[in-house]
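Residue numbers start at 1 and run along the sequence shown.
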Amino acid sequence: NHEDSEVLLSCRGNCGTVNVSLPKSWINGNAMVCKPRNSNITKSYLRYLLESVNFESVITGTAQQQITREPLAKVEIMYPPLPEQHKIVEILEDHLSRLDAALADVKQAKVKAAQFRRSFVHEMTTAVEGSKVMGLLEICEVYQPKTISTKELIADGEFPVYGANGQIGFYDKFNHEESEVTVTCRGATCGTVNVIPPMSWITGNAMVFKPKDNRIQKGFLEYVLRGVDWSPIITGTAQPQITRASLQDLYIDVPNAQIQQTIYMELESSLTQVRNALKMCERVEMQGASLRRSLLQAAFTGKLTKEVASV
């Protein structure tokens, strides 16, 4: 439905993400097409300019975040004459191409480390001698807590708030007193397993897996979930998700408490280097994202070239 390459703004789910489509593509309604009305601004410049914009103030919704045309119309942008746009894009593409290549290598290393961990954990937690095969919903209480919007977050709140991809801010209340095992159940990172610290607010973008009794320990449960292949369980296309219904046929091996503890301790010891490698990758990714933001900010405040004129 679009012959030319277009600048896209994600308007559902992972709102505010900027992408560029390939020519001759079909673009669905989960992305807004941002097309210059005239030749005063180039698509390449617009793409990087939108990446520098903080769209948080125009995102609405809680369970399903979205950006609509009405609040977006209030966002104002500045752009210089075309020669300056070309110069800014040229400098940005030189710097960002090298940064993106380095981050691609980091992402590949992260994927390989995660694949190794999943394979090792799966081997250690399945077909254990003396285990009983049980349905996950039989031995765990599984639920999605109440979601709060980003606008409800409190900068100086006492308690951390965790969403689909880790901590997203603070709040003045907590909804979980104890540490809990969660699985991301909405968005591109569906199936990611996290252990949330005590006294936290967990949003509905993550499912809490709480043992119903002492048949399974939280530490062992964490590793069992890390060994699960979530791909056949995830449903949806525009918005990937995991639902309770999709968990109905998920069965796991449950050994006795002593064996669970032994496996847990062995995995904790054996996977220390993998955990450290993944944390290092995440730190590098965060530093890369920070550098990208700094470059974009410099570009659109006149620090990479001459001062950018407002039009």
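Looking only at side-chain heavy atoms (C-beta outward), F120 and S270 come within less than 4.5 Å of each other. Here the side chains of V208 and P145 are in contact, with some heavy-atom distance below 4.5 Å. In this structure, the side chains of M32 and C11 come closer than 4.5 Å at one or more pairs of heavy atoms. Within the 4.5 Å cutoff, the side chain of V254 has no heavy atoms near those of the V224 side chain. Residues L72 and L9 have side chains in contact (heavy-atom distance under 4.5 Å, counting atoms from C-beta outward). Side-chain contact between I67 and F55 is present, with at least one heavy-atom pair separated by less than 4.5 Å. Taking 4.5 Å as the limit, every side-chain heavy atom of K35 sits out of range of all side-chain heavy atoms of V7. At least one side-chain heavy atom of M207 sits less than 4.5 Å from a side-chain heavy atom of I242.
Looking at every heavy atom in both residues, V274 comes nearest to A113 through CG1-O, 3.8 Å. Minimum interatomic distance between S5 and V20 (heavy atoms only, all atoms of both residues): OG-CG1, 3.2 Å. Here the closest non-hydrogen pair linking P255 and V128 is CB-CG1, 4.1 Å. Of all heavy-atom pairs spanning I202 and E180, the tightest one is CD1-CB, 4.1 Å. The heavy-atom pair separating S52 from L296 by the smallest distance is CB-CB, 4.0 Å. Of all heavy-atom pairs between P80 and I88, the closest is CG-CD1, 4.4 Å.
Taking T17 as the reference, N14 meet the side chain to side chain donor-acceptor pair (under 3.5 Å) condition, with sequence neighbours excluded. Checked against side-chain contact (heavy atoms from CB on, under 4.5 Å), P36 has the following partners two or more places apart in sequence or in another chain: I41, K43, L46. Checked against side chain to side chain donor-acceptor pair (under 3.5 Å), D156 has no partners two or more places apart in sequence or in another chain. Annotation: side-chain contact (heavy atoms from CB on, under 4.5 Å) contacts of F170 (sequence neighbours excluded): P160, Q167. Legend: residues meeting side-chain contact (heavy atoms from CB on, under 4.5 Å) with T192, ordered by chain and number and at least two apart, are T184, T189, N194. With sequence neighbours excluded, no residue forms a side chain to side chain donor-acceptor pair (under 3.5 Å) with Q144. In terms of the side-chain contact (heavy atoms from CB on, under 4.5 Å) criterion, residue partners of E177 (sequence neighbours excluded) are, by chain and number, F174, M199. Considering only residues two or more places apart in sequence or on other chains, D229 meets the side chain to side chain donor-acceptor pair (under 3.5 Å) condition with S231.
Here salt bridge (charged side-chain N to carboxylate O under 4.0 Å, His left out) pairs that include residues 242-269, with residues two or more places apart or in two chains, are E268-R275. Pairs engaging residues 252-275 under the ring-ring contact (aromatic ring centres under 6.0 Å, His included) rule: Y223-Y264 [sequence neighbours left out]. Sorted by first and then second residue, the ring-ring contact (aromatic ring centres under 6.0 Å, His included) pairs involving residues 194-221 (not counting sequence neighbours) are Y171-W201. Residue pairs meeting the salt bridge (charged side-chain N to carboxylate O under 4.0 Å, His left out) criterion with at least one partner in residues 279-290, sequence neighbours excluded, are K110-E285.
Taking CD1 of I233 as the start and CD of Q241 as the end, the distance is 13.5 Å to the nearest 0.5 Å. Taking CG from L92 and CZ from R47, the interatomic distance works out to 9.5 Å, rounded to the nearest 0.5 Å. Atom CG of N175 and atom NZ of K173 lie 11.0 Å apart (nearest 0.5 Å). If you take CG on L137 and OH on Y251, they are separated by 9.0 Å, rounding to the nearest 0.5 Å. Interatomic distance, CG of L221 versus CD1 of I252, reported as 6.5 Å (0.5 Å rounding). E222 CD to I216 CD1: the interatomic distance, rounded to the nearest 0.5 Å, is 11.5 Å.
Counting heavy-atom neighbours within 6.0 Å of K212 NZ, excluding the residue itself, gives a total above 12.
Put simply, the side chain of E6 never gets that close to the backbone of C34: no donor and acceptor are under 3.5 Å apart. For W230 (side chain) and L225 (main-chain N/O), a donor-acceptor pair under 3.5 Å exists by modelled atom type. The backbone N or O of S179 lies less than 3.5 Å from a partner atom in the side chain of K218, making a donor-acceptor pair. A donor-acceptor pair under 3.5 Å is formed between the side chain of Q260 and the backbone N or O of R215. A side-chain donor-acceptor contact under 3.5 Å links S97 to the backbone of E93. Between the side chain of Q217 and the main chain of A257, a donor-acceptor pair closer than 3.5 Å is present. Judged by distance alone, the side chain of Q261 and the main-chain N or O of Q258 form no donor-acceptor pair under 3.5 Å. For the pair R186 (side chain) and A164 (backbone), a donor-acceptor distance under 3.5 Å is absent. Looking only at distances, no side-chain donor or acceptor of S131 sits under 3.5 Å from a matching main-chain atom of A127. Between the side chain of T147 and the backbone N or O of G204, at least one donor-acceptor pair lies under 3.5 Å.
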> Can you check side chain to side chain contact (heavy atoms under 4.5 Å, CB included) on Y162 and I168, steps first, answer last?
Replying inline: CA-CA 6 Å; Y162 289 86; I168 59 173; over 6 Å; no

>> Determine whether V193 and T182 satisfy the following criterion, side chain to side chain contact (heavy atoms under 4.5 Å, CB included), listing intermediate values before the conclusion.
In response: CA-CA 6 Å; V193 180; T182 67; over 6 Å; no

>> Applying ring-ring contact (aromatic ring centres under 6.0 Å, His included) to H122 and F116, what does each step give before you reach the verdict?
In response: CA-CA 10 Å; H122 181 75; F116 170 79; over 10 Å; no

>> With side chain to side chain contact (heavy atoms under 4.5 Å, CB included) as the criterion, how do T203 and V161 come out once you've worked through the C-alpha distance, each side chain's angles and the decisive distance to 0.1 Å?
In response: CA-CA 7 Å; T203 73; V161 178; 3.8 Å; yes

> Can L8 and I27 be said to form a side chain to side chain contact (heavy atoms under 4.5 Å, CB included), step by step?
Replying inline: CA-CA 9 Å; L8 309 177; I27 302 169; 3.6 Å; yes

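Tracing side-chain contacts under 4.5 Å through hydrophobic residues (I, L, V, M, F, W, Y), one reaches L99 starting from L49; they form part of the same cluster. The cluster map of Ile, Leu, Val, Met, Phe, Trp and Tyr, joined by side-chain heavy atoms under 4.5 Å apart, puts L82 and Y79 in different clusters. Under a hydrophobic clustering in which Ile, Leu, Val, Met, Phe, Trp and Tyr are joined whenever their side-chain heavy atoms come within less than 4.5 Å, directly or via other members, L271 and V195 fall into different clusters.
Between Y143 and H176, the gap from one ring centroid to the other is short of 6.0 Å.
Between E51 and R292 a salt bridge is recorded (basic side-chain N to carboxylate O distance below 4.0 Å).
Each of L291, I91, L295, L103 was evaluated against L96; a single residue qualifies, L295, per the side-chain contact (heavy atoms from CB on, under 4.5 Å) test.
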